[in-house]
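Structure in structure tokens, see below.
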Amino acid sequence: MKLERIALRQIRMPLVHFFETSFSRTYERDIILVEAQGDGVSGWGEVTAGENPFYNEEWTGSAWLILRDYVAPRVLGRELRTAEDVYPLTAHIRGHNMARGGLETAVWDLAARLDGMPLWKKIGGGSRHEIPCGVSIGIQDSVEQLLEKIAEELAAGYQRIKMKIKPGWDVDVVRQVRERFPAIKLMADANSAYTLADTAHLQKLDDFYLMMIEQPLSHDDIIDHAELQARLKTPICLDECIRSAHHAEQAVKLRACGIINIKLGRVAGFGEARHVHDVAQAAGIPVWCGGMLEAGVGRAHNVALATLPNFVLPGDVSASKRYWKRDIIQPPVETTPRGTIEVRDEPGFGYALDHDYIRSITVREETIG
Ligand code: OSB
Ligand code: MG
């Protein structure tokens with residue numbers, strides 16, 4: 001397999017409802033789609049960077065430049081034995097995993113299509129034909145609004161609720177959610193809003209038998225999480241901190257977490273995602289698939305990833321309609337009344353691209369090679 005051309009497209013899509021985390025509120029996404037062309041076929045990837053460098057150091061603007069000037073030139077025209085070759089070819093670039101992952105996942109999709117097989121099979125998945133789904137619910141304008149949203153998602157069948165927390169929207173809000181919904185699978189995600197100085201405050205969350213607390217401390221500090229985990233009953237789930245399988249090994253060694261959230265972009269694609277998965281599995285740590293408010297391409301890639309065996313917990317991958325009035329794939333990603341997404345058997349990522357719609361929302365476009 002050899003890439004002849006890489007096309008970058010930036011699309012702009014308004015969210016159906018704003019999404020607020022401890023670091024910012026998002027109304028509209030700016031997403032880069034990566035089309036990798038080789039041997040007469042196209043594979044598609046999606047860059048999961050946000051619009052600003054607040055979740056990690058990347059953003060749409062940086063990912064565009066890194067892809068164009070550093071990632072694409074290192075992969076174009078090279079003979080690739082497998083899609084796994086993309087990761088080492090771009091490993092000289094420090095950081096910028098989401099930009100790297102945009103192309104890496106496109107090459108996996110291309111490889112699957114060239115073999116006429118579904119992406120989930122190509123990556124070695126297929127442990128389940130339906131993936132269990134949870135939802136991530138952002139910080140709302142009022143607790144009433146949050147309770148209403150949770151009730152809606154439970155009625156739709158979702159298996160677990162993740163609520164975003166930050167200082168000023170944490171213990172009291174979680175208490176009210178628990179009072180209203182005593183038996184649901186509930187968890188909280190802080191996106192690095194706290195420090196070890198907040199340990200006593202975070203310990204109050206132990207009263208609410210949460211499944212886990214996701215990334216309470218600094219985005220790049222595994223050691224502090226180990227210290228906090230020793231003082232919490234609730235398992236910590238690491239998100240931002242785990243950018244590679246090596247980080248997963250370090251987190252295991254330090255007992256910094258009981259659960260890991262795997263995101264394709266954060267670890268630069270399927271190759272490293274599988275390694276993180278394997279490290280966690282060997283350590284007896286369950287994983288689940290995180291989300292980055294993806295459009296259809298990234299969403300479909302997440303579904304494929306979540307068919308690997310150790311993705312045993314409900315993830316953040318949910319129906320397209322929770323995010324978009326119209327998604328860029330056909331059909332959109334839908335859930336069953338059981339709160340699952342059925343895995344599709346079509347070649348590649350398993351959905352058709354809505355090229356007309358993509359064209360109509362493209363704000364810039366560039367072809368390399
Ligand atoms: O931390 O998991 C996160 C969205 C943007 C950035 C970070 C995160 C999230 C989510 C939303 O929680 C997951 C989704 O619904 O796609
Ligand atoms: Mg998170």
Side-chain angles (χ1 to χ4, degrees), residues 13 15-31 46-60 63 97-98 101 131-140 146 149-150 152-153 156 158-166 169 186-194 210-220 225 235-243 257 259-267 287-303 305-306 313-324 327 332-333 335 339 341:
M13 297 173 80
L15 287 164
V16 167
H17 187 267
F18 68 78
F19 190 79
E20 184 173 328
T21 65
S22 63
F23 56 79
S24 71
R25 186 181 273 201
T26 305
Y27 291 91
E28 184 176 67
R29 296 287 337 273
D30 260 286
I31 295 170
E46 179 174 330
V47 176
T48 64
E51 290 64 44
N52 297 289
F54 301 156
Y55 166 80
N56 63 6
E57 81 286 357
E58 298 188 79
W59 76 100
T60 311
N97 286 353
M98 291 170 164
I131 65 154
C133 306
V135 288
S136 175
I137 304 183
I139 293 160
Q140 305 296 319
L146 174 64
K149 277 207 165 288
I150 293 173
E152 258 169 52
E153 304 295 11
Y158 287 105
Q159 298 182 15
R160 72 100 170 95
I161 300 292
K162 162 167 136 183
M163 54 181 287
K164 292 288 189 180
I165 56 169
K166 66 174 180 183
W169 181 276
L186 181 66
M187 59 174 289
D189 184 0
N191 289 106
S192 304
Y194 301 92
L210 301 176
M211 292 176 83
M212 67 196 93
I213 300 170
E214 186 176 344
Q215 195 70 36
L217 308 179
S218 176
H219 69 102
D220 60 357
H225 280 99
I236 288 176
C237 170
L238 289 179
D239 173 356
E240 282 88 329
C241 273
I242 308 296
R243 295 160 162 253
C257 64
I259 297 170
I260 293 176
N261 162 346
I262 301 184
K263 290 180 178 169
L264 277 171
R266 202 190 64 222
V267 302
V287 304
W288 53 275
C289 186
M292 291 295 292
L293 312 175
E294 286 92 345
V297 172
R299 198 163 293 281
H301 281 115
N302 288 339
V303 172
L305 180 67
L313 297 173
D316 275 350
V317 185
S318 58
S320 298
K321 69 171 183 209
R322 294 189 60 250
Y323 307 83
W324 319 115
D327 204 344
V333 173
T335 51
I341 295 169

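Every number for a ligand or one of its atoms is a count from 1 in the order of the listing.
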* To do: Using a cut-off of 2.8 Å, count how many protein N, O or S atoms are strictly closer to the Mg ion (ligand 2).
  =>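 Near the Mg ion (ligand 2), the number of protein N, O or S atoms below 2.8 Å is 3.
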* May I ask you to list the atoms of ligand 1 that are less than 4.0 angstrom from any heavy atom of F19? =>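 Under 4.0 Å from F19, ligand 1 has these atoms: 4 (C), 9 (C), 10 (C), 11 (C), 12 (O).
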* Could you tell me whether some N/O pair between Y55 and ligand 1 is separated by less than 3.5 angstrom? =>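 N/O-N/O distance below 3.5 Å does not exist for this pair.
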* Asked: For Y323 and ligand 1, does the shortest N/O to N/O distance drop below 3.5 Å?
  ->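 Yes, at least one N or O pair falls under 3.5 Å.
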* Asked: So between K263, E214, E20, R29, whose heavy atom ends up nearest atom 3 (C) of ligand 1?
  ->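 That would be K263.
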* Which residue supplies the protein heavy atom nearest to atom 1 (O) of ligand 1, what is that atom called, and how far is it? ->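 Nearest neighbour among protein heavy atoms for atom 1 (O) of ligand 1, to 0.1 Å: N191 ND2, 2.7 Å.
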* Do any N/O atoms on K164 end up under 3.5 angstrom from N/O atoms on ligand 1? ->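 Yes, at least one N or O pair falls under 3.5 Å.
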* Return yes or no for this condition: an N or O of E240 is under 3.5 Å from an N or O of ligand 1. =>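 Checking ligand 1 against E240, no N or O pair falls under 3.5 Å apart.
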* Thinking salt bridges, do E20 and K164 make one under a 4.0 Å N-O criterion? ->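 The answer is no: the pair does not qualify as a salt bridge.
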* Quick one: look up the protein heavy atom nearest atom 16 (O) of ligand 1 and list residue, atom name and how far away it is. =>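 In this structure, atom 16 (O) of ligand 1 has L293 N, 2.9 Å as its nearest protein heavy atom.
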* To do: Report the part of V135 in contact with ligand 1, treating N, CA, C, O as backbone and CB onward as side chain, heavy atoms under 4.0 Å; options are side chain, backbone, both, neither.
  =>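 Contact part for V135 vs ligand 1: neither.
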* Does T21, backbone or side chain, put an N or O under 3.5 Å from an N or O of ligand 1? ->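 No - when backbone and side-chain N and O of T21 are compared with those of ligand 1, no distance drops under 3.5 Å.
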* **Charged tip of R266 within 45° of Y55 ring normal and under 6.0 Å** =>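 So R266 doesn't make the cation-pi contact.
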* List for me each residue that meets side chain to side chain donor-acceptor pair (under 3.5 Å) alongside Q140, sequence neighbours excluded, and say none if there are none. =>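 Not a single residue meets the side chain to side chain donor-acceptor pair (under 3.5 Å) criterion with Q140.
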